[in-house]
Amino acid sequence: MSAERSKVTLVVDGVEVTADDGAMLVDAAKEGDVEIPVFCYEPKLGGPVGACRMCLVEIEGIPKLQTACSTPVRDGMVVYTRTDRVIESQSAVVEFLLVNHPLDCPVCDKGGECPLQDIAMGWGPGRSRMTEPKRHFRKPMPLSPLVRIDRERCILCYRCVRFSQDVAEDEQLQLLERGASSHVGTFDDHPYIAPFHGNIIELCPVGALTAEAYRFRARPWDIEDSGSVCTLCPSQCNVMFTVRDEHVQRVLARDNDDVDAGWLCDKGRFGFQMITSEERIVEPRVGGSRAGWEAALDAVAERLRSAGERTAAIVGGQTSNEEGYLIQRLLRGALGSANITSVDELEAGLARRLAAPELGAAVPDLDAAESILVVGTDPLNSIPILDLRIRRAIRQGRARLVVASERPTALDGGAEETARYAPGDAAGFLAALAAELGNRRQAGAGTPGRAADEVPGDGSDWAEGARRIAGELRPGKTVIVYGERLGRGPGGDSALASLLECARALDLATAGAGVIGVPEGANGRGLREVGCLPGAGPGFAEAPAGRGLDRIKQGLLDGELDAVVLVHADPIRNLPDGPGWAEALRRARTVIAVSAFDDASTETADIVFPAESYAEKEGTVTHPDGRLQRLRPAVPHPGNVHPIWQVLAELGARLGHETGIGSVPEAVATIAAEVPFYAGITPEEIGGRGVRWQERPAASAVAELAAVPPEQRTSRTNLDRDDSGTLTADRLRLGTYPALWADEITDRNVALRFLAPAQTVELAPSDGERLGLASGDEVEVRSNGTGVRARVALNERMRPGAVFLIEATAAENANALPAELNVEVIKP
Amino acid sequence: MPETRVLFRDIDAPGLATIQGYRDRGGYGALKRALHELEPDELLSSLEDSGLRGRGGAGFSMGKKGSFLPRGEMEKYLCCNADESEPGAFKDRELMQKNPHQLIEGCAIASLAVGATYAFVFIRGEYWEIADILDRAVGEAYDAGYLGADILDTGVRVELIVHRGAGAYICGEETALLDALEGKRGNPRLKPPFPAIQGLYGGPTLINNVETLSNVPHIVNNGADWFKGFGSEQSTGTKVVSVSGCVQRPGNYEIELGIPSREIIYGLAGGPPKGRRVKAWFPGGSSAPVLTEADLDLPYTFEDLAKAGSMLGSGSIIVADDTISIPELALRTARFYHHESCGKCTPCREGTNWTTKMLDRVVRGEATPMDLEIIAGVQEKIIGHCLCVLGDSMAMPVGSMVAKFRDEFEATIEAAREAGHGALDHSPLDRPLTTGAQAA
Amino acid sequence: MNEEFPYLKDAEEVVTVQRGPEPGGAKGAYRAFGETLRGLRTTMARLIEGPMTIQYPEEKTPVYPRFRGRHKLHRFEDTGLEKCVGCSLCAAACPADCIRVVAAENDPDDRVSPGERYAAVYEINLARCIFCGYCEVACPFDAITMGHEYELADYNRGDLIFTKEMLLAEPVERTPLRREGE
Amino acid sequence: MRPTDELTAAERRELIASMRPEDAEGVPALGELDVPAALREQIETAMARYPQLRSAAIPALWAVQRHYGWCTPQGVREAAAVMGVTPAYLEAVATFYDLIATSPIGRHRILVCHNISCWMNGADELLGAFCDAAGADRDDADQHGASSADGEFFVKGFECLGACDIAPMASIDQRYYGPLEAADAVAAIEALRDGEEPLSDKALALRPAAGGPDPSATERAPDAEGHDA
């Protein structure tokens, strides 16, 4: 956290105002309740541009009027915002802005919430002397399938263009032409499609950029705003639902600099249509036919009672802490089963150590870090908002970024160094990095490490990358953003243990430094902390060892398990070895699914409960950096949907395990009582902005966790297999990755469907050449007799010998391939 | 009164544009002197002492501007503004065309003075053939060791790059020039920070006009006092004045500042064709408020013209004689700025557009005298409200024309209305703007 | 000294009232019954005139021009397009919150209103409406006006929610006729 | 086209349906474009000259224009690939500047200055003469420039070209000529048609300084001695 800024005192319109030193006048004036109108000023976009000229004010001692948006305050400054000169300049600017504005407010979507309307009413001359014809553009044109552009309304404030240029850095949206013919556009009329482009709608101070989905849906006086948290991905951005007639019509960002810095990705912004989808499951089903709640609950209770400890549960990322807590309690308490896990399962000891409060970095720590290491994840795909955050940190010139990953990431361009290891080799690479960092620490900074000999595997390859990466990392001032999927698979534990060693070698247990794990599920961290982890109960308490994902699958296949409960989880689509899961679920005696939509897994389910959508849910979730956030219901439940916590509590009661939980606050209180580091937390304390448990006094309760002695590096590495660090030319090793738009959210939202990617196989150009493949070729990726069809994309930043497929696509899912590293790419 | 040629000395001598011709006349002596005999600070202070004021339009002391650059290790830059685009100005063109080495030497010395390793000459794209000349001369200078990584074996590095613009008047504005040089759209930047502190690529940058930099070798050679011997007390040195419009001998004349304006227009440039009189004249390019025949006896200095409510600017005189319609002149002036406005800030973008449309109506006879009020009012609303001076550059001359020639405006409106041809022909400006997006 | 009123000291305090001569005979009778007769004349005159009752609902009195009755939505006479663009300003202005507008986008090939937007749903709950006329004032396109229709009673609350089609159409004859024997 | 032309619902649906995520123009991959070697070399040379590569944007656009005659979308895309920026970025730069053409133009570029000084000296007539001679539309030429039907000429009324001393003047294929008369326009067009150097007697390069070749007053300049020494 930065130090308190010093204060200065100035006089605005005769009122003495105290403001932060270096603050811009327009912000400082607010302290004195003086509003200075602005259009182009938006601190989220970076420095001021002074283009709209709306904020001109008079400053004593300066003959010319100055733009308040770009003038930093000084002590003793005397400012006037309502003198005749200033009023004249304001009315002049408004008059000029309206010269070419169509003034079609009644048909404009922005009408009623339009800064131009407000400022024209508040500061404008009230009439226009303009009698000439206005400029005309064809209108309103789709800028993308999600955004419409009406260039006639544009006042050329540059906000959208600056967003594209300076925030998302995609540089697709530009100002074209010059002077009075300037307009916002793209190259050669190509659509502007980028993961964050929806933000320009919210940035636009007029109705020039409007959302296709919200077009003419409501006026500000028709709607109610309801603040909550988006749980479509681990970013957990703070959102504001616009609700009309009990339907979510729009999602806006609810600025929370500690979480999202005021931005939303397009998935969060446009992914609300599924809430009102016709396809939603709105009634419980037993054996494929609709049933009442009583009948369904009875059926479930009966089956679970008979399955008893031979029950397992898999919890998906959209599950709230309360639901997670109750499902683990149902299993552990009512059924005596320890087989509870989430899609983000980690080995319990590692989970404990990774959750140590002093090791955890907060999202704002990225802003001040001197170096950032992104390892084993592509934030754009897995936690999009962090991608913007990291870009901003680099842009502001403080942080140096290094990326170590299997697959090229969207951040590579801004990275000082990138290291690419082969799919499945994360453990080896991290071990090399840990060794390198350890050596550097011992030798003192600056000495080149001599770790090569000690590194297992083919050291030359990993060690070189590790050396480059390590050279950029600043001890004590680094934030590591790692993908928790590093912990998957045979070498997973070893990879995370090495990561912990890296953190130790870098002294990351200090303020402003640390690690942020990127889970697969939106609430991956929270679910672990409330006990959805085999081998650890709420608060990582010691608990009887249970089965993890792989062993649950195996147990179902072997008949050792009878029942499985899937909460917001679709293992067939989303987990590796989808066919294995399909078989396992088919063989299971009882499958109980809680899901909002029908999917491959609910098809196998005997009993299906309708799930709430995130806009209907009440409860808490935990951000990957430990921030507890509140979900508040914005719309009522459709049809016969009941809150899942209620269903779970009721089930527990029917199975003879009374929880005493009758409301969400009671559930929160129960969790707070059981999880030591959540102690005393209440929904009120969490409030609208959330609270990081690491920053609460109760966090000391986990000091113990951190003190757990480092475990021996587990022997379960992949190194005992014949794959070593170097890839040979004749073998291709398969990696899979979660693409941003390859999930059920994209499929369920009509507006987003066009983004769903077709399966693509990425190859290094050298491999493509060797195999005679060019970009766009249709091929089959085969492994052990199973194949996935895909289109070839050659990527220069790929590591030779590796191929990548997208996970969880609607068709030709990479998860349909058996868990096998080596594949063939064949032209059919 | 005759010319006083310093920059223009031997201007048409054959071979002056070659390095040999330039050296034969003592060229690059100043650079040697600056390298071997003077410290950068001495160079700067002698420039400051000479009273050399920027010849690009603003008239700010060059030495002082140079002294604003922070000292230190950071990369510094020199930009020579050769984006001469103001209607009426063409002096830099002739200087570069006929004596390119004088400029190159000036750039090299100025780079030494401020410690810049990169010097850029930003030349407007229309001056393609001039840029070719300059490129050739730069090549010669590199070959002769006056530029490069190790100039004249002193270990000092000065690189000079001729950067051709692509046609935008606004790039003559110093911060817009920097954006254009950085490969962006040439939009002016917000000041502060001033280029001297944070300019090209974020580094301290000295920006000077071609004529200013061409003066530098002479000052180094002859000293500040010699330079002060020319001109008036506050406007020292000689000045190349471009005279054009309704005069018999249009062209560049190098004069000492302080001579009466009439001397320039009538004496040097020959005045308007026989039988005509001067009706209005721009004393400093099209952005200067116009003066009338009554102002012809003003001494041609920065300060006297400022007192008369106009400015010397780049030193470009445009003369309009009594055959010229002032409303049409105003329209041409406004149309230029309308075309050249970058569109970044509101008052300039909309104001120039609106003014042009209104003046167009005046000329077509579709206006009423009340529209003149609006035209005048709009100019007032532009002045002082823009990001850079382009908006003011239209508002000041147009405003001055409406103020000083109001009768003529009214008469034009009346005459056109009586002739009844007003409403018939449509202005091409009414046409909707077409864009790529519309074609889809 | 006043002779008539000796107790009054000063004659100036006396106001002398000039009266005519006392009437008698026919004049006296007229004085006694004149007004009554005049009243009777009026009565008699009405007697022969026939009944004055306005046979509402068969007959109606005209209302004042600025009477605010049931709302009307308007179309452009030349194009037949609806004037309403669905801007919802009426709903914003409505103090009784009785107007609901749901807008939609026009298809230029099949226009409902000029411009981009039209009202897909336009409902006024007349059971709630207080006939203040603010909607009329708020409308930027003069698309809604208050008409002179005031017969709005109905048997069902739900029937008092007027849809766009009803508001666009001329008011229906809603005169409830008595059935035989009522 | 109606001024505020709108799309019908069907057209709009069609347009939206035609937008694919892969149509968004990010930084083009160099490997997937067949950039002409000469063009690539020119752009890379320009990139190497500057301390920061983006400074090469205008030189790159000039190079594209030289290569293709105007900045074709394909050319801009190629330049973007070489420079590692988005084509939209280059398009934004290209459309800002008057001399970079983003739509097809005639082979010979004739810019006729019609700003104040030239206008006073008959630029409008000169522009008309060029248009007539080349067969270009006069009104368009005055506004955005007009090309002749045969694609040989592009005539444009230009704001000040910085040669008021030779008013009225024109820039023909990047060279200045003036002062010109209507007859010169015809001669110039003919010469260009024949593949000859136009108006060689009126080239700016030949023009001496206004004050005459023999300056009468240099005595007071002591640097004369310095130079002579």
Side-chain angles (χ1 to χ4, degrees), chain A residues 98 101-114 117-118 120-121 127 134 136-143 145-154 206-224 242-250 276 750-751, chain C residues 71 73-76 79 81-125 128-129 132 134-145 158 161 163-164:
Chain A
L98 297 184
H101 190 80
L103 294 170
D104 57 348
C105 307
V107 297
C108 176
D109 255 339
K110 201 82 175 182
E113 49 184 12
C114 173
Q117 271 186 330
D118 295 346
M121 294 299 287
R127 64 191 182 90
K134 301 196 177 207
H136 289 300
F137 287 106
R138 194 166 172 179
K139 64 188 267 180
M141 298 293 290
L143 185 64
L146 300 167
V147 180
R148 286 268 193 112
I149 182 163
D150 185 330
R151 296 189 170 93
E152 290 184 356
R153 292 182 189 146
C154 175
V206 294
L209 294 165
T210 49
E212 190 74 45
Y214 187 63
R215 210 165 158 71
F216 304 150
R217 286 301 169 85
R219 289 287 184 199
W221 48 86
D222 296 329
I223 57 170
E224 281 170 50
T242 296
V243 180
R244 183 185 189 189
D245 298 340
E246 302 191 336
H247 286 316
V248 174
Q249 305 280 8
R250 168 171 78 166
T276 45
V750 183
Chain C
H71 312 70
L73 287 177
H74 298 273
R75 294 177 187 276
F76 285 102
T79 57
L81 296 174
E82 289 171 16
K83 285 185 174 177
C84 176
V85 298
C87 73
S88 268
L89 275 174
C90 45
C94 183
D97 202 9
C98 67
I99 306 180
R100 177 167 179 267
V101 185
V102 178
E105 182 162 10
N106 261 314
D107 180 349
D109 271 357
D110 181 19
R111 284 195 168 282
V112 179
S113 73
E116 288 169 61
R117 178 176 177 133
Y118 73 98
V121 175
Y122 193 102
E123 291 172 351
I124 300 183
N125 183 349
R128 274 198 182 196
C129 179
C132 64
Y134 282 10
C135 46
E136 196 178 25
V137 178
C139 184
F141 294 105
D142 293 338
I144 187 168
T145 57
I161 297 176
T163 63
K164 187 174 85 171

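Just so it is clear: chains get the letters A, B, ... in the order the sequence lines come, proteins before strands, and each one is counted from 1. Scope of the values below: all heavy atoms of this structure, side chains included, with no hydrogens, waters or symmetry mates.
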Nearest heavy atoms of C/Cys87 and A/Pro106, plus distance in Å: CB-O, 3.0 Å

Residue part contacting chain A, namely of C/Ala91, when any heavy atom lies under 4.5 Å: both

Per-residue contact mode, A/Cys108 against chain C (heavy atom under 4.5 angstrom): backbone

Dump the table of donor-acceptor contacts under 3.5 Å between chain A and chain C, or return none if there are none.
from     : atom 1 : to       : atom 2 : distance (Å)
A/Arg148 : NH1    : C/Glu105 : OE2    : 2.9
A/Arg148 : NH2    : C/Glu105 : OE1    : 2.9
A/Arg148 : NH2    : C/Glu105 : OE2    : 3.4
A/Arg153 : NH2    : C/Glu116 : OE2    : 3.3
A/Arg215 : NE     : C/Glu105 : OE1    : 2.8
A/Arg215 : NE     : C/Glu105 : OE2    : 3.2
A/Arg215 : NH2    : C/Glu105 : OE2    : 3.4
A/Arg215 : NH2    : C/Glu116 : OE1    : 2.5
A/Arg219 : NE     : C/Cys87  : O      : 2.7
A/Trp221 : NE1    : C/Ser88  : O      : 2.9
A/Arg244 : NH1    : C/Val101 : O      : 3.1
A/Arg244 : NH2    : C/Val101 : O      : 2.5
A/Asp245 : OD2    : C/Arg100 : NH2    : 2.8

Between C/Ala120, C/Ala104, C/Gly115, the one whose heavy-atom pairs under 4.5 Å with chain A are most numerous: C/Ala104

